[in-house]
Participant: 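Sharing a structure with you now.
Positions are given from 1, in the same order as the sequence printed here.
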Amino acid sequence: MTIMSFINRASRALHGYPASSKLLVLFTLSSGGLVAYADSQSETAAPAAELNQNECKKKRVVVLGTGWAGISFLKDLDVSSYDVQVVSPRNYFAFTPLLPSVTCGTVEARSIVEPVRNIIKKRNGEIQFYEAECVKIDAAKNKVFCKSYFENNVIGAEDFSLEYDYLVLAIGAQVNTFNTPGVMENCHFLKELEDAQKLRRSVIDCFEKASIPGLTEEERRTNLHFVVVGGGPTGVEFAAELHDFIQEDLVNVYPMVKDLVKITLIQSGDHILNMFDERISTFAEKKFQRDCIEVQTGCRVLSVSDKEITMKVKSKGEVTSIPHGLVVWSTGISTRPVVKDFMEQIGQANRRVLATNEWLRVKECENVYALGDCATIDQRKIMEDIVSIFKAADKDNSGTLTVQEFQDVVDDILVRYPQLELYLKNKHLRDVKDLMKDPEGKDVKEVDIEGFKQALSQVDSQAKSLPATAQVAAQQGAYLSRCFNRREHCKDNPEGPRRFVGSGRHAFVPFRYKHLGQFAPLGGEQAAAELPGDWVSIGHSTQWLWYSVYASKQVSWRTRVLLVSDWTRRFVFGRDSSRI
């Protein structure tokens with residue numbers, strides 16, 4: 001038998017086996033040579049047809065945005081089951097918590113960004129990316145309309161549309177000016193990477209203008225008066241970064257104006273960092289006082305011109321104006337126009353923020369999901385379903401509920417209505433059965449529907465909106481990708497809590513945010529942190545914890561190395577004051 005006839009017989013024998021089995025075993029000829037054979041024409045036509053059929057079955061998923069929520073969703077999504085298309089006006093992901101560091105040159109802009117195509121190329125090209133902006137969402141036709149913006153003329157149309165089976169909104173939010181006159185024209189913002197780069201150049205411009213000969217001392221002081229509006233984490237961190245930049249670097253470069261610099265922080269509330277523990281807020285105010293950063297609380301900005309900012313002091317009712325060289329506006333966020341238009345289409349025009357349910361699905365839309373800053377979770381109130389919960393727990397239909405019957409459904413209640421767990425914690429109740437007590441605190445054997453309503457009447461007061469932070473957005477993206485990955489499995493094997501309104505169980509467990517702590521860098525190599533377990537940490541050691549956490553949270557080793565090298569460069573050589 002010749003070698004080729006043997007190979008042909010072996011090929012026919014293996015016909016129908018998987019491709020991985022069609023590589024014939026290497027065997028040694030009498031001459032000592034090795035022969036390898038693979039069935040290179042293993043039913044090429046049939047698998048190609050099957051592949052095309054499978055491609056047609058794939059659901060089309062369009063993702064709008066490449067921020068924290070969008071990238072977290074894409075990183076974990078099983079793209080073998082979906083045809084994924086991503087649209088964003090920026091072809092990179094930015095580590096936004098470090099934007100204040102970019103404004104003063106502590107960190108370079110490219111050290112905190114990772115190209116989107118670097119992230120999606122790890123998925124074997126199964127994700128398509130388009131650098132464009134979504135200008136309209138057609139909820140009725142399941143279509144998004146996009147427009148690309150390029151500085152140079154591009155041959156061909158710049159407008160295009162995409163159809164979807166599932167739409168994931170992760171486009172973030174825009175700066176909230178509260179319609180204050182002059183803010184858009186005369187203020188800097190700190191929302192995007194471009195904002196930080198522009199702000200860095202403007203800070204240097206203020207020092208250069210103050211160094212020009214012929215200016216009066218008052219004019220120099222005005223040019224070097226930096227005003228920050230907003231006492232939240234972003235405003236406080238920028239003020240701290242700016243103070244360090246000036247004291248550690250710029251006073252050596254501009255010695256003639258070092259005594260004329262002033263930083264003012266304006267806050268409408270009574271304290272800065274009021275979302276943090278009171279101890280952190282107090283420490284930050286005292287440190288800013290030592291650093292000669294003027295903190296003006298209880299002030300509401302009325303208008304901003306190119307030369308001065310006008311505000312009203314709430315305690316006195318007085319209206320005052322102060323000159324400025326630069327104003328940074330950091331007072332919160334608002335909904336983008338494209339999302340507002342979408343809200344009008346689906347009947348949410350009266351809301352300020354796009355509302356989703358606990359599974360991040362947009363209300364009134366079966367196939368649209370919204371993550372991050374562009375939406376808020378509308379937590380269902382337990383009192384809306386109190387009658388259904390009572391009936392589900394009352395298995396013997398006696399009209400009363402025993403403690404045991406309540407405990408049989410309490411696990412599902414805790415999952416479906418997380419505000420109950422917060423209520424128990426705030427009331428220092430060790431067990432849910434403690435709710436089933438009379439006004440005197442004595443155990444009761446059973447309660448009727450009215451007593452059950454009374455026991456849970458205050459639970460919904462603990463339902464709170466989630467903060468618009470990177471941490472929340474990242475967790476939502478990871479959660480939604482898990483739901484997409486297990487969609488088919490959970491249709492037949494639901495994992496969620498029981499449906500108190502209706503029958504059966506929910507397919508998935510509702511989204512539950514897990515707070516991992518938050519930082520507030522305060523300058524001078526000091527930081528404050530709220531850590532899990534109600535721990536508060538303040539000082540130099542917390543700053544080093546901040547370094548380690550932020551380095552570890554980078555999306556790639558490239559940015560991680562660049563970030564650490566930037567911090568090292570700053571320690572050795574200081575910050576760069578060039579205007580580039």
Participant: Applying ring pair (Phe, Tyr, Trp, His ring centres under 6.0 Å), which residue pairs with at least one partner in residues 548-580 are found, sequence neighbours left out?
Facilitator: Phe95-Tyr550, Trp546-Tyr550, Trp546-Trp567, Tyr547-Trp567
Participant: Report the C-alpha distance between His188 and Thr103 in whole Å, list the side-chain angles of each, state the deciding distance to 0.1 Å, and finish with yes or no for side chain to side chain contact (heavy atoms under 4.5 Å, CB included).
Facilitator: CA-CA 11 Å; His188 287 73; Thr103 62; over 6 Å; no
Participant: Is the Trp68 to Phe93 ring centre distance short of 6.0 Å?
Facilitator: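 When the ring centroids of Trp68 and Phe93 are compared, they turn out to be within the sub-6.0 Å range.
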Participant: Would you give the length of the straight line joining atom SG of Cys134 to atom CG of Leu169, rounded to the nearest 0.5 angstrom?
Facilitator: 7.5 Å
Participant: For the residue pair Phe484 and Phe73, categorise the inter-ring angle as parallel (less than 30°), tilted (30 to 60°) or perpendicular (more than 60°).
Facilitator: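 Perpendicular: the ring planes of Phe484 and Phe73 meet at over 60°.
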Participant: Run the numbers on Tyr130 and Ser148 for side chain to side chain contact (heavy atoms under 4.5 Å, CB included), then give the verdict.
Facilitator: CA-CA 8 Å; Tyr130 309 112; Ser148 59; over 6 Å; no
Participant: Please step through side chain to side chain contact (heavy atoms under 4.5 Å, CB included) for the pair Val536 and Phe276, ending with a clear verdict.
Facilitator: CA-CA 10 Å; Val536 171; Phe276 281 75; over 6 Å; no
Participant: Show the nearest heavy-atom pair for residues Gly230 and Leu265, with the distance to one decimal.
Facilitator: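 Between these two residues, the closest heavy atoms are O-CD1, 3.4 Å.
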Participant: Return the CD to CG distance between Glu185 and Asp306, rounded to the nearest 0.5 Å.
Facilitator: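 Interatomic distance, Glu185 CD to Asp306 CG, rounded to 0.5 Å: 10.5 Å.
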Participant: With heavy-atom distances below 4.5 Å as the criterion, would you say the side chains of Val253 and Phe207 are in contact?
Facilitator: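 Sidechains of Phe207 and Val253: no contact.
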Participant: Which one of Ile333, Val338, Val339 satisfies the side-chain contact (heavy atoms from CB on, under 4.5 Å) criterion with Thr335?
Facilitator: Val339
Participant: About how many Å separate CZ of Arg487 and OG of Ser81, when rounded to the nearest 0.5 Å?
Facilitator: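 These two atoms lie 10.5 Å from each other.
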Participant: Between the side chain of Arg336 and the main-chain N/O of Ala173, is any donor-acceptor distance below 3.5 Å?
Facilitator: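 Answer holds: yes.
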Participant: Would you say the side-chain atoms of Asp76 pair up with the backbone N or O of Ala478, donor to acceptor, closer than 3.5 Å?
Facilitator: no
Participant: Checking salt bridge (Lys or Arg N to Asp or Glu O under 4.0 Å) between Glu358 and each of Arg380, Arg416, Lys363, which is the one that passes?
Facilitator: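 Passing option: Arg416.
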Participant: Within the supplied structure, the quantity of interest is the number of heavy atoms (other residues, nucleotides, ligands) at a distance under 6.0 Å from Lys147 NZ; does it exceed 12?
Facilitator: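 Counting other residues, nucleotides and ligands, NZ of Lys147 exceeds 12 neighbours.
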Participant: Please answer whether the main-chain N or O of Gly182 pairs with a side-chain N or O of Asn186 as donor and acceptor at a distance below 3.5 Å.
Facilitator: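 A pair under 3.5 Å: yes.
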Participant: Can you tell me if CD on Gln289 sees more than 12 non-hydrogen neighbours from other groups inside 6.0 Å?
Facilitator: no
Participant: Got Leu99 and Ile112 here, is their nearest side-chain heavy-atom distance under 4.5 Å?
Facilitator: yes
Participant: If we only count heavy atoms from C-beta on, is the Leu193 to Arg90 side-chain gap below 4.5 Å?
Facilitator: no
Participant: With distance as the sole criterion, is a donor-acceptor pair present between the side chains of Glu126 and Tyr82 under 3.5 Å?
Facilitator: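 The criterion, which ignores hydrogens and geometry beyond distance, is not satisfied for Tyr82 and Glu126.
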Participant: Can Gln518 and Glu530 be said to form a side-chain hydrogen bond (donor to acceptor under 3.5 Å, both in side chains), step by step?
Facilitator: CA-CA 5 Å; Gln518 54 185 344; Glu530 279 185 347; 2.9 Å; yes
Participant: In terms of heavy-atom contacts, does NZ of Lys258 have more than 12 from other residues, nucleotides or ligands at under 6.0 Å?
Facilitator: no
Participant: Would you find a donor on one side and an acceptor on the other, under 3.5 Å apart, between the side chain of Gln267 and the backbone of Val295?
Facilitator: no
Participant: For residues Ser281 and Ile272, report the shortest heavy-atom separation together with the two atoms involved.
Facilitator: OG-O, 2.6 Å
Participant: With rounding to the nearest 0.5 angstrom, report the CG to CD distance, Leu562 to Gln554.
Facilitator: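 Reported to 0.5 Å precision, the distance equals 9.5 Å.
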Participant: Let me confirm one number: the CD-CG distance from Gln462 to Leu424, rounded to the nearest 0.5 Å.
Facilitator: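 Between Gln462 CD and Leu424 CG, I get 9.5 Å after rounding to 0.5 Å.
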Participant: Evaluate side-chain hydrogen bond (donor to acceptor under 3.5 Å, both in side chains) for Glu208 paired with Tyr254, printing each intermediate quantity in order.
Facilitator: CA-CA 9 Å; Glu208 292 294 348; Tyr254 304 93; 2.6 Å; yes
Participant: Which value, rounded to the nearest 0.5 Å, describes the distance between Leu64 atom CG and Glu133 atom CD?
Facilitator: 10.5 Å
Participant: Thr542 and Ser537: which non-hydrogen atoms are nearest, and at how many Å?
Facilitator: OG1-OG, 2.5 Å
Participant: Provide the closest heavy-atom pair for Thr234 versus Ser330 in the form atom of the first, atom of the second, distance.
Facilitator: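 Looks like CB-OG, 3.5 Å.
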Participant: If we count only N and O atoms by modelled type, under 3.5 Å, do the side chains of Thr331 and Trp329 hold a donor and an acceptor together?
Facilitator: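 Per modelled atom types, Thr331 and Trp329 side chains form a pair under 3.5 Å.
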Participant: Would a 4.5 Å heavy-atom cut-off, applied to side chains only, mark Val304 and Val229 as touching?
Facilitator: no
Participant: Which pairs, with at least one residue in residues 165-177 and sequence neighbours excluded, count as a side-chain hydrogen bond (donor to acceptor under 3.5 Å, both in side chains)?
Facilitator: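 Applying side-chain hydrogen bond (donor to acceptor under 3.5 Å, both in side chains) to every pair that reaches into residues 165-177, excluding sequence neighbours, yields Arg60-Asp165.
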Participant: Does atom CD of Glu194 have more than 12 heavy-atom neighbours, drawn from other residues, nucleotides or ligands, at distances under 6.0 Å?
Facilitator: yes
Participant: Pair up each side-chain donor or acceptor in residues 240-247 with any protein partner under 3.5 Å, not counting sequence neighbours, and list the distances.
Facilitator:
| residue | atom | partner | partner atom | Å |
| --- | --- | --- | --- | --- |
| Glu241 | OE1 | Thr106 | OG1 | 2.9 |
| Glu241 | OE2 | Ser101 | OG | 2.9 |
| His243 | NE2 | Asp291 | O | 3.3 |
| Asp244 | OD1 | Gly524 | N | 3.2 |
| Asp244 | OD2 | Gly524 | N | 2.9 |

Participant: Let me see the working for Arg201 and Ile204 under side chain to side chain contact (heavy atoms under 4.5 Å, CB included), right down to the final yes or no.
Facilitator: CA-CA 5 Å; Arg201 291 191 292 268; Ile204 300 302; 6.0 Å; no
